[in-house]
Undergrad: 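Pasting in a structure now, in structure tokens, and then I'll have a few things to ask.
Computed from a predicted model, the values in this text were never measured in an experiment.
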Amino acid sequence: MIVPHLDANRCIFPQNPDPKWKMQLGNDEYVFIKENYLNTIGNLTLSGNNGKLGNKTFSDKRDLKEAGYKDSKLWLNKYLSTLGKWDKAEIEKRFDRIAERFLKIWEYPTIDVLDETDNGEINIFEAEDPKYKKLEYAIFFDQKIKVTQVTKLYVEVFKRLFEIQPETFFTTDLGARIGLAKNSDENGLRQAVSINDTYFIESNIDNNGKFDRIKQALIILKFEDELTIKYAKN
């Protein structure tokens, strides 16, 4: 983590170091720290004596009477008072210590998050095989339908589709596909159910067949996104 534009006196290795820093660290490490670690958390501290500490060497900052790190009451500086040098390795160690303390103080809470995005509702075109399954409910044109049996859903869907676009049942082969008839014994209906006061459809088919006919109707009428179902839990 880099904190830009801080007062140089807050840096342990200062922005304008005394020449003794280069002598103690060696040129390569001196340049590395100045270019990479100067304003990082590991090299920063707090002090009420910035003016006195200035650009002094680490040992001078540590031992300065009544102003150095040894006399500081801050936790940040107590660790510094025990060190004999300040180099790349010590900066990295101090960063790890501060990061560890930070995570303990501001520990990320353990929260049980309920995933409400997957509530079991699914478009009928993506639903599993309905054989031997019961429904909890369905949502058709944004209206919740309380149905538990696929047969009930089948009848309810065709009732509403016929109310919305009755002409399509006659101008396409949709009516023939579902056995649409005016009389319950017309067109060889074996188990006729009414979808209004005049018309009946065949319901003597298994759940897969009912789903297939519903899907065919939704495709013909271009309502593929309008029917969502939720299976009941076993």
Side-chain angles (χ1 to χ4, degrees), residues 1-3 41 99-234:
M1 182 183 294
I2 296 177
V3 182
I41 290 296
E100 182 180 357
R101 188 175 179 89
F102 178 93
L103 292 174
K104 285 182 179 179
I105 295 173
W106 291 283
E107 184 177 1
Y108 193 87
T110 301
I111 301 174
D112 294 328
V113 179
L114 297 177
D115 185 2
E116 298 180 352
T117 58
D118 183 10
N119 57 9
E121 294 177 359
I122 190 168
N123 184 282
I124 190 170
F125 286 90
E126 300 173 357
E128 296 178 357
D129 186 338
K131 193 174 183 180
Y132 306 126
K133 286 186 173 67
K134 286 190 175 183
L135 301 170
E136 186 172 330
Y137 59 82
I139 300 174
F140 195 36
F141 289 105
D142 297 324
Q143 292 185 344
K144 193 171 185 178
I145 307 172
K146 293 184 178 180
V147 289
T148 59
Q149 297 177 348
V150 173
T151 297
K152 297 287 187 181
L153 174 67
Y154 177 74
V155 175
E156 191 64 32
V157 167
F158 278 106
K159 280 183 177 180
R160 298 196 182 189
L161 290 178
F162 196 81
E163 289 175 359
I164 296 170
Q165 289 191 29
E167 67 280 359
T168 306
F169 285 75
F170 304 104
T171 58
T172 68
D173 65 347
L174 179 56
R177 291 187 184 190
I178 63 173
L180 184 67
K182 279 191 175 183
N183 299 307
S184 60
D185 57 356
E186 186 181 343
N187 294 339
L189 299 184
R190 292 168 294 176
Q191 189 174 337
V193 292
S194 62
I195 58 173
N196 63 15
D197 294 336
T198 306
Y199 288 97
F200 297 81
I201 60 173
E202 176 64 72
S203 68
N204 187 29
I205 50 178
D206 63 18
N207 285 352
N208 281 320
K210 292 182 176 73
F211 262 39
D212 287 342
R213 292 187 180 187
I214 290 173
K215 292 175 186 177
Q216 290 169 9
L218 295 175
I219 292 171
I220 291 171
L221 297 168
K222 302 186 186 310
F223 294 147
E224 294 96 322
D225 297 328
E226 299 299 338
L227 180 58
T228 300
I229 66 167
K230 181 179 181 180
Y231 284 125
K233 295 180 179 179
N234 294 331

Undergrad: Using a 3.5 Å distance criterion without hydrogens, assess whether the side chain of E202 forms a donor-acceptor pair with backbone atoms of R190.
TA: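 Such a contact is found between E202 side chain and R190 backbone.
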Undergrad: Would you call the rings of F102 and W106 parallel, tilted or perpendicular, taking 30° and 60° as the class edges?
TA: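 If you compare the ring of F102 with that of W106, the planes turn out tilted.
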Undergrad: Between K152 and L135, is there a side-chain heavy-atom distance shorter than 4.5 Å?
TA: no
Undergrad: CD of E167 to CG of L174: how many Å apart, nearest 0.5 Å?
TA: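 Answer rounded to 0.5 Å: 11.0 Å.
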Undergrad: Could you go through the side-chain contact (heavy atoms from CB on, under 4.5 Å) check for K182 and Y199 one step at a time?
TA: CA-CA 5 Å; K182 279 191 175 183; Y199 288 97; 3.3 Å; yes
Undergrad: When you check the side-chain N and O atoms of Q149 and Y154, is any donor under 3.5 Å from an acceptor?
TA: no
Undergrad: Looking at E107, I'd like to know if its CD atom is crowded, meaning that more than 12 non-hydrogen atoms belonging to other residues, nucleotides or ligands lie closer than 6.0 Å.
TA: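 Atom CD in E107 is not crowded, with 12 or fewer foreign heavy atoms closer than 6.0 Å.
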Undergrad: Would you name the heavy atoms of L153 and A138 that are closest together and state the gap between them?
TA: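 Residues L153 and A138, closest heavy atoms: CD1-CB, 3.6 Å.
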Undergrad: What distance do E226 atom CD and E224 atom CD have between them, rounded to the nearest 0.5 Å?
TA: 9.5 Å
Undergrad: When you look at F140 and F223, which way does the ring pair (Phe, Tyr, Trp, His ring centres under 6.0 Å) test go after all the steps?
TA: CA-CA 10 Å; F140 195 36; F223 294 147; 7.6 Å; no
Undergrad: Looking at CZ of R213 and NZ of K210, how far apart are the two atoms once the value is rounded to the nearest 0.5 Å?
TA: 9.0 Å
Undergrad: Could you give the distance from CD1 (I122) to CD1 (I229), rounded to the nearest 0.5 Å?
TA: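 Answer rounded to 0.5 Å: 7.5 Å.
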Undergrad: Tell me whether T148 contacts the main-chain N or O of K134 through its side chain, where contact means a donor paired with an acceptor under 3.5 Å.
TA: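 Not a single qualifying donor-acceptor pair exists.
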Undergrad: Side chains of E136 and Y231: does their closest heavy-atom pair fall under 4.5 Å?
TA: no
Undergrad: Tell me whether the count of non-hydrogen atoms from other residues, nucleotides or ligands lying under 6.0 Å of CG in D129 goes above 12.
TA: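 Enclosed: over 12 neighbouring heavy atoms sit under 6.0 Å from CG of D129.
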Undergrad: Under 3.5 Å, side chain of D173 to main-chain N/O of A176, donor-acceptor pair present?
TA: no
Undergrad: Specify whether F169 and F162 have parallel, tilted or perpendicular ring planes, treating 30° as the upper limit for parallel and 60° as the lower limit for perpendicular.
TA: perpendicular
Undergrad: Side chain of K230, backbone of N119: donor and acceptor closer than 3.5 Å?
TA: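 Between the backbone of N119 and the side chain of K230 there is a qualifying donor-acceptor contact (under 3.5 Å).
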Undergrad: With side-chain contact (heavy atoms from CB on, under 4.5 Å) as the criterion, how do D225 and F125 come out once you've worked through the C-alpha distance, each side chain's angles and the decisive distance to 0.1 Å?
TA: CA-CA 9 Å; D225 297 328; F125 286 90; over 6 Å; no
Undergrad: Mind listing the closest non-hydrogen atom pair of A217 and L161 along with its distance?
TA: CB-CD1, 3.8 Å
Undergrad: Looking at every heavy atom in both N207 and P130, which two are closest together, and how far apart are they?
TA: ND2-O, 3.3 Å
Undergrad: Is the shortest side-chain N to carboxylate O distance from E163 to K159 below 4.0 Å?
TA: no
Undergrad: If I take atom CD1 from residue I195 and atom CD from residue E156, how far apart are they, to the nearest 0.5 angstrom?
TA: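 Going from CD1 on I195 over to CD on E156, the span is 11.0 Å.
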Undergrad: Please name the pair of heavy atoms, one in A192 and one in L189, separated by the smallest distance, quoted to 0.1 Å.
TA: CB-CD1, 3.7 Å
Undergrad: Rounded at 0.5 Å granularity, tell me how far CG in L227 sits from CZ in F141.
TA: 9.0 Å
